[in-house]
S.K.: 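One structure follows; several queries about it will come next.
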Amino acid sequence: MNCDDLITAMESDDAAEQQAARSHAATCPNCAATLAALDKIKATLAVHEPLPSAARAAWERASRVSVSEPARRRWTPALAAIATLAAACIVVFVFVVSQPRNSTFTQWKGPSSDSEPGVEFDSSSELTRLTAAVEALDGRLVALAENAERLDVEREVAQTLKQYSRW
Amino acid sequence: MTLVDEHGAALLALVRRLCGNPHDADDVFQETAVRVWRSMVSCPRLANPRGWLLTIGYRAFLDSRSRRGQFEALADPSDRGENSPAELAARAEVGGLVNAAVAELPETIREVVVLHYTGGLTIKETAEAMNLSEGTVKSRLNAALLKLRSALE
């Protein structure tokens with residue numbers, strides 16, 4: 001054991017190495033001072049104040065939030081991608097379907113013997129309907145993105161759980 | 001004794017030191033609680049509940065930081081809580097210096113120090129939580145202790 005190895009030895013998980021470092025420090029004033037400083041640093045960093053009641057309450061609140069959430073489907077990134085693609089297809093479909101009806105409307109000159117009698121096209125309500133549909137799809141996409149993010153977190157927690165648990 | 005009763009104080013101390021300010025730390029603490037409760041639904045049998053809890057806390061801190069960017073240090077975390085004037089004075093002598101020196105450490109080194117000394121995670125657990133090798137953790141601890149020691153001189 002020499003002075004340069006003191007800190008490394010003290011941080012070792014090997015009790016024998018730690019003991020050797022302490023024995024060395026007992027005979028070396030410089031290392032003794034280093035060891036005393038390290039002990040103070042460790043003691044300061046290890047100080048835990050009692051858990052404040054507000055934090056305890058926050059912990060309990062979190063349990064209610066978690067429990068009250070409905071059980072979610074087991075989304076996978078692939079499933080989320082498929083759902084996003086499906087939503088995009090619906091948007092395209094709605095757009096394509098809406099095109100001919102609008103062009104018919106622009107050519108429609110009012111009821112006549114040639115046109116279909118009694119069929120009227122309300123452009124404003126149609127536009128409102130399509131806007132609502134697009135907004136709904138947009139909302140679904142945002143929800144899917146949030147869900148995917150949440151799944152990432154849950155997967156990470158599950159991995160951590162695997163590391164620390166015995167089944 | 002529940003998980004939070006046993007290790008909640010350590011978790012809070014850990015996230016306060018990591019975040020550098022109590023407001024963000026409280027958010028990270030709550031986020032950790034939500035993650036823990038969600039995984040509790042499956043009733044896991046934990047061999048090392050403290051390590052598990054603190055690792056989740058650390059990951060919640062990382063996610064929070066990546067969403068919000070760098071946390072701003074508003075106050076010395078050790079200033080919070082109820083202490084007698086004598087305790088505060090005694091702590092101010094060494095503790096103030098140590099806390100200030102820890103806050104000045106580069107982020108990657110500070111995280112190792114906080115997980116190992118404040119959280120009490122072993123070198124191996126710290127390495128796993130941070131996805132580092134044990135050798136890297138040891139060398140960072142070594143560098144940190146040298147800097148902290150020089151701050152105390």
Side-chain angles (χ1 to χ4, degrees), chain A residues 4-14 30-31 33-69 71-72 149-150 152-167, chain B residues 4-5 8-13 17 26 29-42 44-49 51-52 55-56 59-60 63 78 80-83 91 94-95 97-99 101-102 113-114 116-118 120 122-124 128-129 138 141-142 145-146 148-149 152-153:
Chain A
D4 292 337
D5 297 333
L6 183 82
I7 294 178
T8 309
M10 284 306 297
E11 291 314 308
S12 165
D13 290 334
D14 186 353
N30 191 35
C31 286
T34 301
L35 202 57
L38 291 186
D39 286 342
K40 278 181 192 168
I41 289 166
K42 290 179 189 177
T44 303
L45 290 174
V47 167
H48 302 156
E49 287 159 6
L51 192 67
S53 55
R56 187 78 172 75
W59 187 274
E60 295 303 329
R61 263 200 315 278
S63 80
R64 286 196 290 275
V65 169
S66 305
V67 169
S68 63
E69 279 184 2
R72 279 188 291 276
E149 192 180 340
R150 199 177 302 132
D152 280 346
V153 168
E154 283 178 7
R155 191 176 50 197
E156 190 181 271
V157 170
Q159 280 171 354
T160 314
L161 189 63
K162 212 171 171 183
Q163 271 178 5
Y164 284 101
S165 60
R166 56 164 189 263
W167 299 94
Chain B
V4 69
D5 291 327
L11 173 66
L12 190 60
R17 280 196 190 280
D26 289 349
F29 182 84
Q30 184 143 7
E31 172 60 22
T32 307
V34 169
R35 292 182 186 195
V36 166
W37 280 111
R38 274 189 196 144
S39 57
M40 282 296 179
V41 173
S42 60
R45 291 166 62 197
L46 296 165
N48 179 359
W52 178 69
T55 302
I56 289 178
R59 300 269 164 85
D63 290 344
S78 68
R80 299 241 309 186
E82 293 167 10
N83 295 297
R91 232 195 253 176
V94 175
L97 285 172
V98 171
N99 288 328
V102 168
V113 168
V114 171
H116 184 56
Y117 292 124
T118 302
T122 63
I123 302 277
K124 186 168 180 279
E128 280 175 359
K138 282 181 185 175
L141 275 179
N142 212 37
L145 289 174
L146 287 173
L148 292 175
R149 203 226 147 160
L152 285 179
E153 283 173 345

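Every chain is numbered from 1 and lettered A, B, ... according to where its sequence line falls, protein lines coming before strand lines.
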S.K.: Give a yes or no answer on whether the side chain of A:H48 reaches the backbone of B:L11 with a donor-acceptor pair at less than 3.5 Å.
M.R.: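 Checking the backbone N and O of B:L11 against the side chain of A:H48, no donor-acceptor pair under 3.5 Å is found.
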S.K.: Heavy-atom cut-off 4.5 Å, strictly under: side chain, backbone, both or neither for B:V36 against chain A?
M.R.: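 Side chain of B:V36 only, per the 4.5 Å heavy-atom cut-off to chain A.
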S.K.: Give, for atom CZ of B:R149 and atom CG of A:L35, the distance between the pair rounded to the nearest 0.5 Å.
M.R.: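 Here the rounded value is 10.0 Å.
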S.K.: Supply the atom-to-atom distance A:I41 CD1 to B:Y117 OH, rounded to the nearest 0.5 angstrom.
M.R.: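 Rounded to the nearest 0.5 Å, the CD1-OH separation comes to 8.0 Å.
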S.K.: Could you tell me whether the side chain of B:R38 reaches within less than 4.5 Å of the side chain of A:R150, counting heavy atoms only?
M.R.: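 Yes, side chains in contact.
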S.K.: Taking B:T118 for its side chain and A:L45 for its backbone only, find out whether a donor-acceptor pair lies under 3.5 Å.
M.R.: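 Pair found, side chain donor or acceptor close to backbone of A:L45.
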S.K.: Evaluate the side-chain proximity of A:K40 to B:V98: yes if any heavy-atom separation is below 4.5 Å, no if none is.
M.R.: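 When only atoms from C-beta onward are counted, A:K40 and B:V98 do not touch, as no gap falls below 4.5 Å.
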S.K.: Is a salt bridge present between B:R35 and A:E156, judged by a nitrogen-to-oxygen distance below 4.0 Å?
M.R.: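 Judged by the 4.0 Å cut-off on N to carboxylate O distance, B:R35 and A:E156 do form a salt bridge.
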S.K.: Can you tell me which portion of A:A33 sits under 4.5 Å from chain B's heavy atoms? Options are side chain, backbone, both or neither.
M.R.: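 Interface part for A:A33: both.
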S.K.: Counting only non-hydrogen atoms closer than 4.5 Å, does A:L38 touch chain B with its backbone (N, CA, C, O), its side chain (CB onward), both, or neither?
M.R.: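 For A:L38, side-chain heavy atoms alone lie under 4.5 Å from chain B.
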S.K.: In terms of heavy-atom proximity below 4.5 Å to chain A, should B:L148 be classed as side chain, backbone, both, or neither?
M.R.: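 Interface part for B:L148: both.
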S.K.: Heavy atoms only: give me the nearest B:L12-A:P52 pair and the separation to one decimal.
M.R.: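 Taking B:L12 first and A:P52 second, the nearest heavy atoms are CD2-CD, 3.4 Å.
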S.K.: Can you see which heavy atom on B:Q30 is nearest to which on A:A62, and at what distance?
M.R.: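 Heavy atoms only, the tightest pair is O-CB, 4.2 Å.
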S.K.: Return the option, out of B:G120, B:A60, B:G51, with the maximum number of heavy-atom pairs under 4.5 Å with chain A.
M.R.: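 The answer is B:G51.
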S.K.: To the nearest 0.5 Å, tell me how far A:L51 CG sits from B:D5 CG.
M.R.: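 Interatomic distance, A:L51 CG to B:D5 CG, rounded to 0.5 Å: 8.0 Å.
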S.K.: Check whether any side-chain N or O of B:W37 sits under 3.5 Å from a backbone N or O of A:W59 as a donor-acceptor pair, and report yes or no.
M.R.: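 At least one qualifying donor-acceptor pair exists.
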S.K.: Between B:N142 and chain A, which part of the residue has a heavy atom less than 4.5 Å away: side chain, backbone, both or neither?
M.R.: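 B:N142 touches chain A through backbone and side-chain heavy atoms alike.
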S.K.: Side chains of B:V4 and A:R56, heavy atoms from C-beta outward: is any pair under 4.5 Å?
M.R.: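 B:V4 reaches A:R56 side chain to side chain.
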